K.L.:
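Take a look at the following structure, please.
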Amino acid sequence: MQAVSLSPPPATAHPQQREITRLCIQCALMLLQHGAESMLVEQLAARLGIALGMDAVESAISANAVVLTTLSNGHCLTTTRRNSDRGINMHVVTEVQHCVILAEHKLLQSDDVAKRLANIRPLRYPRWLVVLMVACSCACFCRLNGGGWSAAAVTFVASGAAMAVRQWLTARQMNPLINFCLTAFVATAIAGLLLRLEVLHTASGVAMAASVLLLVPGFPLINAVADMFKGHVNTGLARWAMASLLTLATCIGMVMAMALFDLPGWS
């Protein structure tokens with residue numbers, strides 16, 4: 001009888017490696033969902049895995065997914081998670097960074113890291129405070145760009161109302177493009193109609209431009225440029241495209257308001 005050689009069964013990843021892999025991709029996903037740049041996501045996920053005992057951590061980041069691989073004692077384990085945008089929140093990014101630093105200093109083990117990540121909640125300011133501060137900032141921009149106090153007052157009212165509309169639409173899970181379009185429409189319409197009042201007739205048209213400054217996608221554009229400069233070209237282009245679409249939606253909303261109410265252009 002011919003002897004049959006049996007190959008040894010393939011090595012399987014240790015349960016601890018699976019747990020650390022989940023923690024690494026959870027870390028990466030939380031960062032990506034809340035507005036961190038791709039290089040920071042990649043570095044922090046790798047630092048966390050190495051701090052918890054992995055030999056190496058490799059990741060591939062795209063606009064809507066994260067693929068992460070851990071290597072330990074010759075064992076390779078890969079997992080994928082889908083990314084969904086949850087809004088820019090630097091509090092979450094800071095808390096995840098703090099968690100990684102504590103793990104690097106051996107102050108947290110894998111169980112502690114899991115509990116800490118699970119307990120991170122986005123810090124959100126009261127809606128009325130956000131509306132007030134956005135209105136004040138837009139009014140200040142108007143004043144700094146040559147608008148008088150009357151124009152600043154118009155900007156304050158228009159941008160405050162627009163921010164309240166934006167929050168209302170966001171709470172109802174409205175598509176961001178429609179959200180920006182409607183918000184720009186409201187801001188432009190209110191500012192333009194207020195400038196028609198006799199008491200505000202001499203106010204500067206800068207108020208109409210300043211009232212939509214709350215819709216400038218500055219953070220996505222900065223992240224897009226940072227990603228492309230640091231080698232994450234695909235993610236950077238995706239963020240750039242989204243920021244450009246948001247800008248286009250804002251312009252459409254402004255043009256709609258100006259055409260519907262026969263408002264003059266900026267001056």
Side-chain angles (χ1 to χ4, degrees), residues 8-123 219-242:
T12 58
H14 193 275
Q16 184 181 9
Q17 184 179 359
R18 284 195 290 270
E19 178 63 24
I20 294 174
T21 304
R22 293 191 188 103
L23 292 177
C24 290
I25 201 164
Q26 182 183 357
C27 167
L29 195 60
M30 291 179 69
L31 291 168
L32 194 60
Q33 287 175 336
H34 291 92
E37 61 176 274
S38 300
M39 182 61 72
L40 182 65
V41 174
E42 185 179 282
Q43 289 178 346
L44 287 179
R47 286 168 56 185
L48 179 62
I50 293 173
L52 295 178
M54 296 294 100
D55 296 331
V57 177
E58 303 290 342
S59 58
I61 300 169
S62 66
N64 54 8
V66 181
V67 180
L68 185 139
T69 300
T70 58
L71 297 98
S72 177
N73 298 323
H75 295 191
C76 178
L77 186 62
T78 302
T79 186
T80 306
R81 295 290 185 277
R82 182 173 179 81
N83 173 46
S84 58
D85 184 25
R86 296 189 178 180
I88 298 168
N89 196 302
M90 289 297 101
H91 172 72
V92 173
V93 176
T94 303
E95 287 298 311
V96 173
Q97 285 180 307
H98 190 207
C99 182
V100 172
I101 292 172
L102 291 176
E104 287 180 324
H105 287 81
K106 306 304 179 184
L107 298 176
L108 295 179
Q109 302 301 320
S110 59
D111 293 341
D112 303 318
V113 172
K115 293 177 182 177
R116 197 177 184 95
L117 291 178
N119 290 329
I120 294 176
R121 296 290 182 271
L123 176 63
F219 207 92
L221 286 173
I222 292 172
N223 275 348
V225 174
D227 283 349
M228 287 188 282
F229 267 103
K230 296 177 181 179
H232 295 271
V233 178
N234 291 337
T235 309
L237 289 175
R239 285 178 166 175
W240 185 281
M242 188 60 190

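Because the structure is a prediction, the values reported are computed rather than measured.
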K.L.:
Shortest non-hydrogen contact from Gly236 to Asp227?
P.N.:
CA-CB, 3.7 Å

K.L.:
Which heavy atom of Phe219 sits nearest a heavy atom of Gly35, and at what distance?
P.N.:
CE2-O, 3.2 Å

K.L.:
In Å, rounded to the nearest 0.5 Å, how long is the span from CG of Leu29 to OG1 of Thr80?
P.N.:
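Those atoms lie 11.0 Å apart.
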
K.L.:
Look up atom CD1 in Ile120 and atom NE2 in His91, then write down how far apart they are to the nearest 0.5 Å.
P.N.:
7.5 Å

K.L.:
How close do Ser38 and Arg239 get, counting heavy atoms only, and between which atoms?
P.N.:
N-NH1, 3.9 Å

K.L.:
Using side chain to side chain contact (heavy atoms under 4.5 Å, CB included) as the criterion, point out the one residue from Val92, Val100, Val96 that pairs with Leu31.
P.N.:
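Exactly one option meets the side chain to side chain contact (heavy atoms under 4.5 Å, CB included) with Leu31, and it is Val96.
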
K.L.:
Between Asn89 and Leu123, what is the shortest heavy-atom contact and its length?
P.N.:
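The pair with the smallest heavy-atom distance is ND2-O, 3.1 Å.
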
K.L.:
In a table with atom names and distances, give each donor-acceptor pair under 3.5 Å that connects a side chain of residues 49-66 to protein atoms at least two apart or in another chain.
P.N.:
unit_1: Asp55; atom_1: OD2; unit_2: Asn73; atom_2: N; d: 2.8
unit_1: Ser62; atom_1: OG; unit_2: Asn64; atom_2: OD1; d: 3.4
unit_1: Ser62; atom_1: OG; unit_2: Ala65; atom_2: N; d: 3.2
unit_1: Ser62; atom_1: OG; unit_2: Ala65; atom_2: O; d: 3.1

K.L.:
Hey, are the side chains of Asn83 and Gln33 touching, using non-hydrogen atoms and a 4.5 Å cut-off?
P.N.:
yes

K.L.:
Which heavy-atom pair separates His34 from Met30 by the least distance, and what is that distance?
P.N.:
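Between these two residues, the closest heavy atoms are ND1-O, 2.9 Å.
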
K.L.:
Of all the heavy-atom pairs spanning Glu19 and Ala114, show the shortest one and how long it is.
P.N.:
OE2-CB, 4.2 Å

K.L.:
Within this structure, what is the CG-CD1 distance for the pair Leu48 and Ile101, rounded to the nearest 0.5 Å?
P.N.:
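Leu48 atom CG to Ile101 atom CD1 measures 11.5 Å (nearest 0.5 Å).
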
K.L.:
Is there side-chain contact between Gln26 and Leu23, with heavy atoms separated by less than 4.5 Å?
P.N.:
yes

K.L.:
Give a yes or no answer on whether the side chain of Asp112 reaches the backbone of Gln109 with a donor-acceptor pair at less than 3.5 Å.
P.N.:
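Indeed, once roles are kept as given, a pair shorter than 3.5 Å links the two residues.
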
K.L.:
Atom SG in Cys24, atom CD in Gln17: separation rounded to 0.5 Å?
P.N.:
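Answer rounded to 0.5 Å: 10.0 Å.
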
K.L.:
Can you tell me how far apart NE2 (His232) and CD (Glu37) are? Round to the nearest 0.5 Å.
P.N.:
8.5 Å

K.L.:
Hey, what do you get for OG1 (Thr78) to CG (Leu68), rounding to the nearest 0.5 Å?
P.N.:
8.0 Å

K.L.:
Quick one: do the Arg82 and Ser84 side chains pair a donor with an acceptor below 3.5 Å?
P.N.:
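Checked: Arg82/Ser84 side chains show no N/O donor-acceptor pair below 3.5 Å.
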
K.L.:
Would you tabulate the side-chain donor-acceptor contacts of residues 40-47 under 3.5 Å, counting partners in other chains and residues two or more places apart, or write 'none'?
P.N.:
unit_1: Arg47; atom_1: NE; unit_2: Glu104; atom_2: OE2; d: 2.8
unit_1: Arg47; atom_1: NH2; unit_2: Glu104; atom_2: OE1; d: 2.9

K.L.:
I'd like to know if the side chain of His14 reaches the main chain of Gln16, judged simply by a donor and an acceptor atom lying under 3.5 Å from each other, with no hydrogens or angles considered.
P.N.:
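Yes: the side chain of His14 pairs with the backbone of Gln16.
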
